[in-house]
There are 2 protein chains.
Amino acid sequence: MVRKPATLKDVAALANVSRATAARALNSYGYVGDETAQKVQAAAEKLGYRGNRLAQALRSGQLPIVGCILGDIQNPFFARIAHDIEVLARECGHNLVIGSSEEELAQEISLLASLRSLSIRGFIVAPTSQGNNAHLQGLIDENVPLVLIDRVAEGVDCDSVVVDNEGGARKAVEYLIGMGHTRIGLLQDDMRIFTSRERRSGYRSALAAAGIAADDRMVAVSQSTVEHAVDATIRLFSQKSPPTALFTVDSLMTQGALLAFRSMGVSIPHDVSLIGFDDFNLATFTDPQITVVSQPVSEIGRAAARVLFERLAGKDEAPQKIRFETKLIVRGSVSRRSGV
Amino acid sequence: MVRKPATLKDVAALANVSRATAARALNSYGYVGDETAQKVQAAAEKLGYRGNRLAQALRSGQLPIVGCILGDIQNPFFARIAHDIEVLARECGHNLVIGSSEEELAQEISLLASLRSLSIRGFIVAPTSQGNNAHLQGLIDENVPLVLIDRVAEGVDCDSVVVDNEGGARKAVEYLIGMGHTRIGLLQDDMRIFTSRERRSGYRSALAAAGIAADDRMVAVSQSTVEHAVDATIRLFSQKSPPTALFTVDSLMTQGALLAFRSMGVSIPHDVSLIGFDDFNLATFTDPQITVVSQPVSEIGRAAARVLFERLAGKDEAPQKIRFETKLIVRGSVSRRSGV
DNA sequence: AGACGATGTGAGATCGATCTCACATATATT
DNA sequence: AATATATGTGAGATCGATCTCACATCGTCT
């Protein structure tokens, strides 16, 4: 047997009142007689009336859903953020739609278009691309709240939550330099990605400050997956004079580097020192434990959601640009290098 | 400047036709003159008309969204599943709403109610509870497609995708027994959870088949988080005659056990053998690598989504009960025990 | 007594897209 | 020439909830 969900009309009919009166009773606005209100409540109860959020949304123009477009939910960094956003959204009576851009601009654009046609109230996006942000600008033009996370997009003036990528990377590389390293490798992500660029810039400025010449042979570019990072690391360390230390720009790549070193029989920190951006669960499982620059992952999603809901509540001030600090966590994967 | 999205009415006005004709031209049904169709297309293009899926959904009664209620997106097992579902949903022109029950029945119920009032087309749920499934039965009564994953719910007759938990657990414990272990510990999750019960049952039947008496002191119950698992493991191994081998029922608990052993100075596999249910990325990062019973994680989400979309396409056959096999992956965390 | 405000209710419009139906024309068939 | 049939188009209903407005019916105050 297929029951249809009860509508307001059904409730009104059962309570012997008009739809208007039923609506007043259920949403408590306007004048309603006590007795009438009771009748309506009882009828609603009896029919299991739940209201149709779709119809409400059509009328009000907005669905109580926020959209979230991330690079990849499987990346623990984004998973954590998604979780935090979901919790906060629920507290605010909203649901969360999740989409994964898989770091493809085209995918990001099409997802956004698809979600916009749902009259979703606001978005949290980790933009794939630096330029080409007409789709994001479009949101702003139509006054749809948008919060960027992890990355900012050029020319798009809106709220954002990021970390100090450049400073974090610099801290990491300065630490390596302080430990006597001069041939410092960089394993970085696709240059389209904001964090990758910023972290590389921190790497370079630390080298420059120490008077170490930049050397392209010390830099490997890979996609942000464990598998690609393994290959890139092997390539980087198969040169005749390989780096003595490696800085990796995210946790998946750090893990890839670890696997690569193991397969090459390279011992950490004896043969090579390693330091990664973004802490990860199992950084303390390895022997030695991995030294990392950690970012406050648990803050990012919450901050973004908080800002978004402030906007939804009508806050109309200049965009907030939140930027969290990073922290160097020294463990055991970096060794002092004396002379060459 | 705040632009409003263009409506069909706007397009019709610009093209100098009625709304009905505009709709026909854009959705290509019924008779439309060639010239008229062109005009409408051009007008739609010019206004950037995108259609309002909310209005369409109100009329058709269904929003092109599928809902997904999982235990926790942060668990890599669920993250993987969510990702696979999202990809398949997108291919089918649907979006994905994600909710986390946090293993609380009340949360699961309220989330489901909230999503149902959105007229969402179908659901994929990992049910928290065994009994008390009126909320799930309610979906079936109203003919809303439902696919259960990872767990089944008593008395709810619908599609499901699970793995052979009992068989997998038995394989693991039989392997330990074959390696000469008799004092085999079990680190398990909350008994409310289906997989936890099934895996314990496999553990017990393997012991029974080998004539080993069940011993409650060999069993520790914990929540499925790394932190709780650490504590539970420490308790379990602080007894005067602790187990010589441990079977953990999920990957987070395996990781917790690893950390606990490290902090207790217990060496694997020399002092204690370890085998976990569910493979995880970093099982091969440790030394030794961890022996596990793996489940085909990449199949589960895809299978569930495929079944769901078949239902949405109108398939009306008996519920499919898909059950994947597990595989014992022998690595280095179990050692042979000769005598006691 | 007449007027005014407070209280309670229902009819109907609205949100945007779609679909049925009726009404046109044009072409084909007997 | 008369009737079918094909082809185009628009008016209006519909989905469900909400809101405005008009219309009641009270009581209260001058």
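Hydrogens, waters and symmetry mates play no part in the numbers below; they use all other heavy atoms, side chains included. Numbered from 1 within each chain, the chains take letters A, B, ... in sequence-line order. Since the structure is predicted, the reported quantities are computational estimates derived from the model, not experimental observations.
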Can you list, in residue-number order, the parts of residues 14-37 of chain B that come under 4.0 Å of DNA chain D, counting heavy atoms only? Val17(B), Ser18(B), Arg19(B), Ala20(B), Thr21(B), Arg24(B), Tyr31(B), Val32(B), Gly33(B), Thr36(B)
Across all chains, not counting sequence neighbours, the side-chain hydrogen bond (donor to acceptor under 3.5 Å, both in side chains) partners of Gln56(A) are none
With rounding to the nearest 0.5 angstrom, report the NE2 to CZ distance, His135(B) to Phe123(B). 11.0 Å
Distance (rounded to the nearest 0.5 Å) between Asp157(A) CG and Ile140(A) CD1: 6.5 Å
So how far off straight is the helix from dA1(C)-dT30(D) to dT30(C)-dA1(D), going by the axes through five pairs at either end, to 10°? 70°
Is the shortest side-chain N/O distance from Tyr49(B) to OP1 or OP2 of dG16(C) below 4.0 Å? no
To the nearest Å, give me how far apart [atom1] ([X]) and [atom2] ([N]) are.
X: Leu8(A); N: dG16(D); atom1: CG; atom2: P; answer: 11 Å
X: Gln38(A); N: dG8(C); atom1: CD; atom2: C1'; answer: 16 Å
X: Gln62(A); N: dT14(C); atom1: CD; atom2: P; answer: 21 Å
X: Lys9(B); N: dG12(D); atom1: NZ; atom2: C1'; answer: 14 Å
X: Leu63(A); N: dC15(C); atom1: CG; atom2: P; answer: 19 Å

Mind checking what makes side chain to side chain contact (heavy atoms under 4.5 Å, CB included) contact with Gln41(B), not counting sequence neighbours? Leu26(B)
What nitrogen or oxygen pairs link the protein and nucleotides 26-28 of chain D at under 3.5 Å?
none

Go through the side-chain N and O atoms of Arg151(B) and Thr195(B) and say whether any donor and acceptor fall under 3.5 Å apart. no
Tell me yes or no: between the side chains of Thr7(A) and Asn52(A), is some donor less than 3.5 Å from an acceptor? no
Do Val87(B) and Glu102(A) come close enough that some side-chain heavy atom pair is under 4.5 Å? yes
Are Ile149(A) and Leu70(A) packed together at the side-chain level, in the sense that at least one heavy-atom pair is separated by less than 4.5 angstrom? yes
Taking everything shown except Lys9(B) itself, do over 12 heavy atoms lie less than 6.0 Å from its NZ? no
For side chain to side chain contact (heavy atoms under 4.5 Å, CB included), just list the numbers for Phe324(A) and Val161(A), CA-CA rounded to whole Å, side-chain angles, deciding distance to a tenth of an Å, and then say yes or no. CA-CA 8 Å; Phe324(A) 288 110; Val161(A) 179; 3.7 Å; yes
Please determine whether side chain to side chain contact (heavy atoms under 4.5 Å, CB included) holds for the pair Glu108(B) and Leu136(B), giving the CA-CA distance in whole Å, both sets of side-chain angles, and the decisive distance to 0.1 Å. CA-CA 10 Å; Glu108(B) 177 181 317; Leu136(B) 299 175; 4.3 Å; yes
Arg302(A) with Glu91(A): basic N within carboxylate O range, under 4.0 Å: no
Does a side-chain N-to-carboxylate-O contact under 4.0 Å join Lys39(A) and Glu35(A)? no
Identify, residue by residue, the members of residues 50-59 of chain A with a heavy atom below 4.0 Å from DNA chain C, and return them in order of residue number, or none. Leu58(A), Arg59(A)
